[in-house]
Amino acid sequence: MEFADVARELLLVVPGDFVAERTTRQRAVRKDDRDLASAIGGLRKPAPAAWVVDLLAHDGALDDAVDLGPALRKAQAEADPGEIRKLRQQRAEVVDALAQAGADLASDAGHPVTAAVLAQVRATIEAAMADPHAGAAVRSGLLVAPLESVGFDAVDLDGALADPDAVPDAWSGSGAPPIPISQARGARKAGRASRSTETAPPDGPEPEHAREPERDLAAERKAARQAETAARSESRAADASLDAAEADLEAAGARRADLRRELEQASATIEELERVRDAAEAASDDARELLAAAQEHRRTLGR
């Protein structure tokens, strides 16, 4: 079995049962496939919003939403106000309907979600409409973190998928086969760099006063991305700590159950020993009474 297949199944598990189920699946394959077992052990517990999106993906509910994205992007590129308004209204209706469907699926699974989680679900679906690569990600059923579309920038998919290599990117429309998201993001970055080179002024360096704001903006973006990367690392560390704590709690619960059974067995043994003791004491009392009666009878005969 491929890791992506196992991951898709595990990511549908109710968050409260995720760690236990992951451990069970890991142990089940450890003897035959240690690499797969290691990959399963490293699978992150999905954020609540990502779990809801994976439930929707499993039901095939996201296809219409993702398919609406190209039409909206085309209308924006052609600057068609009427078409943009119509498609945005349609997008809002689709996103609201999917968020409600996700809330229903979560409730049916016994894990209702909060309004804040549903807001992240909406943002993730909107990101899937805005970026075809994000659309491929949410359709995959391998999402472990919610997504967000910011301006005209590509949606950041770093760390958002359980197995990025298993997720094909959106079709380019040229008939070329899909490519992994990691390669697609690199291609987009290279394309942006190429366009920047092509549009550079041919007649010498740009005036200092014109370049300074761009450098400041680039520095701010770099600092923001560094802060975001640090926050994401802290989040992963917190997830790992939480998973470890949940595993310890599960082990403590199992040990407590064992101790309870041992205590019940010990209590039953004590009760049985008390019954034996009481019976022995009663027999001893009866023997003493018989002895006293015999001694009295002998004294009577001796007179």
Side-chain angles (χ1 to χ4, degrees), residues 4-19 21-22 43-76 83-150 154-157 159-164 166-171 178 181 235 239:
D5 297 326
V6 179
R8 284 189 181 92
E9 294 175 3
L10 286 173
L11 293 176
L12 297 176
V13 174
V14 175
D17 299 334
F18 177 83
V19 173
E21 185 62 24
R22 181 184 62 189
L43 178 62
R44 288 173 52 199
K45 179 178 179 180
W51 172 65
V52 173
V53 173
D54 287 335
L55 291 178
L56 291 168
H58 179 69
D59 274 10
L62 297 171
D63 293 347
D64 290 342
V66 175
D67 290 342
L68 183 61
L72 184 56
R73 290 192 296 273
K74 182 175 182 292
Q76 289 174 332
E83 187 67 12
I84 289 174
R85 281 194 299 271
K86 183 181 76 173
L87 290 171
R88 283 181 175 173
Q89 177 63 33
Q90 187 177 352
R91 179 183 65 179
E93 294 171 356
V94 169
V95 170
D96 287 343
L98 286 172
Q100 184 57 55
D104 293 341
L105 288 173
S107 295
D108 292 344
H111 188 83
V113 292
T114 64
V117 170
L118 286 183
Q120 290 183 328
V121 171
R122 288 188 176 89
T124 299
I125 297 170
E126 290 174 350
M129 295 177 175
D131 184 336
H133 303 279
V138 301
R139 273 176 161 167
S140 70
L142 291 170
L143 206 65
V144 294
L147 305 179
E148 184 179 7
S149 177
V150 181
V155 175
D156 187 359
L157 298 176
L161 290 165
D163 186 2
V167 183
D169 204 344
W171 289 84
I181 286 177
S235 176
D239 285 343

How many angstroms lie between atom [atom1] of [X] and atom [atom2] of [Y], to the nearest 0.5 angstrom?
X      : Y      : atom1 : atom2 : value
Asp54  : Leu62  : CG    : CG    : 9.0 Å
Asp156 : Glu148 : CG    : CD    : 10.0 Å
Thr114 : Gln120 : OG1   : CD    : 8.0 Å
Arg22  : Glu9   : CZ    : CD    : 15.5 Å
Gln90  : Lys86  : CD    : NZ    : 7.5 Å

Looking at every heavy atom in both [X] and [Y], which two are closest together, and how far apart are they?
X      : Y      : value
Ala162 : Leu43  : CB-CD1, 3.4 Å
Val66  : Gly135 : CG1-CA, 3.9 Å
Val167 : Ala136 : CG1-O, 3.6 Å
Ala4   : Asp163 : CB-OD2, 3.7 Å
Leu142 : Ala7   : CD2-CB, 3.7 Å
Ala137 : Leu157 : CB-CD2, 4.1 Å

CA sep, side-chain torsions, deciding dist, call: Leu161, Val144, side-chain contact (heavy atoms from CB on, under 4.5 Å): CA-CA 6 Å; Leu161 290 165; Val144 294; 5.9 Å; no

Distance-only donor-acceptor check, side chains Asp96 and Gln100, under 3.5 Å: no

Leu105 and His58, any side-chain heavy atoms less than 4.5 Å apart: no

Student check: side-chain heavy atoms of Arg8 and Leu12 closer than 4.5 Å: no

Contacts of His111 that satisfy ring-ring contact (aromatic ring centres under 6.0 Å, His included) - sequence neighbours left out: Trp51

Side-chain (Thr124) to main-chain (Leu147) donor-acceptor, under 3.5 angstrom: yes

Partner residues of Arg139 under the side-chain hydrogen bond (donor to acceptor under 3.5 Å, both in side chains) criterion, sequence neighbours left out: Asp63, Asp67

Residue list, side-chain hydrogen bond (donor to acceptor under 3.5 Å, both in side chains) with Asp59, at least two apart or on another chain: none

